[in-house]
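Every chain is numbered from 1 and lettered A, B, ... according to where its sequence line falls, protein lines coming before strand lines.
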Protein chains: 2
Amino acid sequence: MPNWTYHTIDENDVLNLRALIGEEQRMLWKEQISEDYSHDELGGTSSWPELVIKPVSANEVSAVMKYAYEHSIPVTARGSGTGLVGSCVPMEHGIILDLSLMNNILELDEENLTLTVEPGVLLMDLTAFVEDHDLFYPPDPGEKSATIGGNISTNAGGMRAVKYGVTRDFVRGLEVVLPNGDIVEFGGKVVKNSSGYDLKDLIIGSEGTLGIVTKAILKLLPLPKKTISLLIPFPSLEKAIQTVPKIIKSKAIPTAIEFMQKEVIEDAEEYLGKAFPDHQSEAYLLLKFDGNSQDEIERAYAKVADLCLEEGALDVLISDTAERDESIWKARGAFLEAIKGSTTYMDEVDMVVPRSYVNDMVEYLHSIQREVGLRIKSFGHAGDGNLHAYMLKDNLSDEEWEKRLNKAMDLIYAKARELNGQVSGEHGIGYAKKMYLKESLAKDNIDLMNGIKQVFDAKNILNPHKIAQL
Amino acid sequence: MPNWTYHTIDENDVLNLRALIGEEQRMLWKEQISEDYSHDELGGTSSWPELVIKPVSANEVSAVMKYAYEHSIPVTARGSGTGLVGSCVPMEHGIILDLSLMNNILELDEENLTLTVEPGVLLMDLTAFVEDHDLFYPPDPGEKSATIGGNISTNAGGMRAVKYGVTRDFVRGLEVVLPNGDIVEFGGKVVKNSSGYDLKDLIIGSEGTLGIVTKAILKLLPLPKKTISLLIPFPSLEKAIQTVPKIIKSKAIPTAIEFMQKEVIEDAEEYLGKAFPDHQSEAYLLLKFDGNSQDEIERAYAKVADLCLEEGALDVLISDTAERDESIWKARGAFLEAIKGSTTYMDEVDMVVPRSYVNDMVEYLHSIQREVGLRIKSFGHAGDGNLHAYMLKDNLSDEEWEKRLNKAMDLIYAKARELNGQVSGEHGIGYAKKMYLKESLAKDNIDLMNGIKQVFDAKNILNPHKIAQL
């Protein structure tokens, strides 16, 4: 580990920072700090901040950063804390900037189809707001209580990536506070931009290690007038997943293609206390189509439905009412929580492979369960190659769990590399996955990342020990 | 200017490099080098290479880079040389790597909808190839004889950005030779990726200053089955352009929205020796719609046609045959060459503004012609805010031209900044626009760009003096 030294926050710092912030209740120190601030959703990475500050403006973020920069105090940004890899956990303690109060929707510009927001706006509030205006923000990660700032920091993906892409594809411009406290803009409302290096996309997915996003200009689309879902039972998971590349090759463009297994659906039924609308099969594909007319969508899905039946699907259940749709997608949305509830503790892998290799990866996950001695459950985005695999601790001792988990992780990431995959499709690297990132990339890539980190943050005060930084 | 020193290529270097390349005819030295290699399409930036090498593989590029790195010889990559800002002009002489022989289409992967290509593939060959497979590569810059490598290096945009986005949006992965000669991969065939800093997007638009692209994995879409164009005459340019934000606000999604003025259309008629299909007006909007059925497209364009008529359009001419379409789009495609042919010399501005400000900018261009004493012609992508303005030298003396051109440039870029625009929408910064980039961005942004350049290229041998590097 490099030899960084940081200043420990003392009473004098607290007084100075309070003068910058003004309102006392927006600073938490010592026993005022709740345990939540020491971890994220998954909880595998833990470290306490010395001080929590809840800024309400870019100017406050800037003032705190300038102070931290001058005094070598580490700073870690945090949104809703719904991450899974420890990105928002302050490994060197110092200050947590809790951005949840910066939750204003600043401007809807219908002539440019952009929405300008502060980073603390929750994804569910953002999508509700734009849908009220008959507009559409397509990125659709499962966790709707995440903040848009958090989504930008991990380049969150979600279900609709098959057709629409990921968070990166919907960020036109960012206001960012640099580690030295300067407030800068990358990109803007413009649709095209070839004006120098793409600093905006460098910030997206950088997990708060290069700068703190204080404003984002998002691209919107018109809201599709109609959506339809297809729930398609297959005789086996293999049959289901092997159909996906054929759907892509058929030139249909579904909005989403998910795969689901009976065992995970049952977890969701138990977690939600609600029956899933179908029980005939071990494995399902769940597809969504959207468009502006019934005709258009029907043409698209009829072709896919026929193709699935040709490939051995047992049935094609069409869901075109909001109620039915909800019962299916709610189950899908509850998978993470449901699996979490089915065991004592778990860890996850969020690898992405070329979508033609999804079946190879899922089969591999099944095959190693006995070898490593762990239950592994998986679900995911069959249409974009992004798989979520969950290793379950169950009744294992801590020691045995660590041993088996590490073995499973090593095997899975090695397999992902073999299939030309990447360590993370949408959850990021944070603290928990950085050893695997290092193994999966060439030394040049890691060196370039750390070089860029150094350019942005020479004093290494912004969220240290994350991504490529060992 | 920083104090970089480079080694001048001597006979010994030529012998050593020849040993790396093998075939003599793929190296040009001294009088073998044609004048073309000293400039790009626009010709405003001029500097000769000492040696031209035409590699046929990433390994050859790597071998040359390793040699150049060791001996501090500057290297500049070149595709078709169709750029407009001097990006491929070797300001410090040294080696030009002419990548035009690396023009193989390597793989069409229909299960992942990707196309893997070498950088020297021409855009027109690429689009023809994928369309033969009923697939679609949407980026559509006017210059079809550009290479895909050149398109990636400037993040080229084109007409279809309104609906589909730009080159960046269709690059999934890159193989890149770094200045030290190492061959690395950024991204891949994967649809999602949150695995560390986004090095792929840093390379895209970096104009050959950070690495040399030797392979690209492109994202494809199914080819829309039907396209229709609307040519819409308006009583004035102002009326035409002011209708564009209303089209966007109406939630229609045209593939392209271009504006055209009579004077530029006349240049194109003369240049092509072919009449434009309509002459009733001073100003036109040209729209394209695509989709998979006549119905779907008709629904979309009928709404827009009505809206244009409400806004004062004189007529709506529907072009749904290939012949008619060609006569319109060929004129549009010839604008740059036609304007060039109408004067002795010209220079250009490729600014991009939020699309609601296009009219302000076009009016401003008209208004300053008298003030600066120059004819200024413009056309461009009304739907995405990217305007091309051409300052014409006509019969001015060199001295007077320089003076008036600089004044016009200063005024136009100042106006673009005032409208929250950027210096370049799609042509890049290169050598010609770097002073304007510096003026348009904060010092932090420029410093970050130069810091990143230093991380990739500590010896500054790759295409020096470009983008942010004064």
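Comparing B:Pro245, B:Ser424, B:Pro222 by heavy-atom pairs within less than 4.5 Å of chain A, the highest count is held by B:Ser424. Options B:Ile467, B:Ile429, B:Asp295 differ in how many heavy-atom pairs under 4.5 Å they form with chain A, and the most are formed by B:Ile429. Put simply, of A:Ser194, A:Ala252, A:Gly173, the one with the most heavy-atom pairs under 4.5 Å next to chain B is A:Ser194. No other option in A:Leu441, A:Ile446, A:Val244, A:Asp384 has as many heavy-atom pairs under 4.5 Å with chain B as A:Asp384. Interface remark: of the candidates B:Ser195, B:Gly451, B:Pro354, B:Ser206, B:Ser195 forms the most heavy-atom pairs closer than 4.5 Å to chain A. The choice from A:Asn292, A:Asn445, A:Val162 that makes the most heavy-atom pairs within less than 4.5 Å of chain B is A:Asn445. Per-residue counts of heavy-atom pairs under 4.5 Å with chain B were compared for A:Lys453, A:Gln422, A:His427; the largest is that of A:Gln422. Of the listed residues (A:Ser250, A:Gly383, A:Gly291, A:Gly196), the greatest number of heavy-atom pairs within a distance under 4.5 Å of chain B belongs to A:Gly196. Interface summary for chain A: among B:Asn420, B:Leu178, B:Ile203, the most heavy-atom pairs under 4.5 angstrom belong to B:Leu178. For chain A, the option among B:Val184, B:Val166, B:Asp182, B:Asp350 with the highest count of heavy-atom pairs below 4.5 Å is B:Asp182. Interface check for chain A: of the options B:Gln454, B:Met449, B:Lys249, B:His381, the most heavy-atom pairs under 4.5 Å are formed by B:Met449.
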task: Could you please spell out the steps behind the side-chain contact (heavy atoms from CB on, under 4.5 Å) verdict for A:Leu202 and B:Leu448?
output: CA-CA 11 Å; A:Leu202 204 47; B:Leu448 289 170; over 6 Å; no
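Here the shortest heavy-atom pairing between A:Val190 and B:Val353 reads CG1-C, 3.8 Å. Shortest non-hydrogen contact noted between B:Asp134 and A:Lys251 is CB-NZ, 3.3 Å.
Inter-residue side-chain proximity for B:Lys189 and A:Arg355 is flagged as unmet; no heavy-atom pair is nearer than 4.5 Å. Residues A:Arg168 and B:Asp201 have side chains in contact (heavy-atom distance under 4.5 Å, counting atoms from C-beta outward). Counting heavy atoms from C-beta on, the side chains of B:Asp198 and A:Ile204 never come closer than 4.5 Å. For the pair A:Ile452 and B:Phe456, the minimum side-chain heavy-atom distance is below 4.5 Å. For the pair B:Val191 and A:Asn386, the minimum side-chain heavy-atom distance is 4.5 Å or more. Side-chain atoms of A:Ser293 and B:Arg299, non-hydrogen and from C-beta on, do get closer than 4.5 Å to each other. Looking at heavy atoms from C-beta onward, A:Val455 lies in side-chain contact with B:Val455 at the 4.5 angstrom threshold.
For the pair A:Glu426 and B:Lys192, the salt-bridge criterion is met [side-chain N within less than 4.0 Å of a carboxylate O].
At a 4.5 Å heavy-atom cutoff, the contact between A:Ile248 and chain B is made by backbone and side-chain atoms alike. Of the two parts of A:Asn112, the backbone and the side chain both hold a non-hydrogen atom closer than 4.5 Å to a non-hydrogen atom of chain B. For chain B, the nearby part of A:Leu437 is the side chain; its heavy atoms alone come within less than 4.5 Å. Residue A:Ser356 touches chain B through both its backbone and its side chain, counting heavy-atom pairs closer than 4.5 Å.
Residue B:Tyr357 qualifies as open at atom OH: its count of foreign heavy atoms under 6.0 Å is 12 or below. The neighbour count for B:Lys219 NZ, taken as heavy atoms of other residues, nucleotides or ligands under 6.0 Å away, is above 12.
Distance alone, capped at 3.5 Å, places no donor-acceptor pair between the B:Asp169 side chain and the A:Asp169 backbone.
Separation of atoms CG (B:Asn155) and OH (A:Tyr197) is listed at 14.5 Å; rounding is to 0.5 Å.
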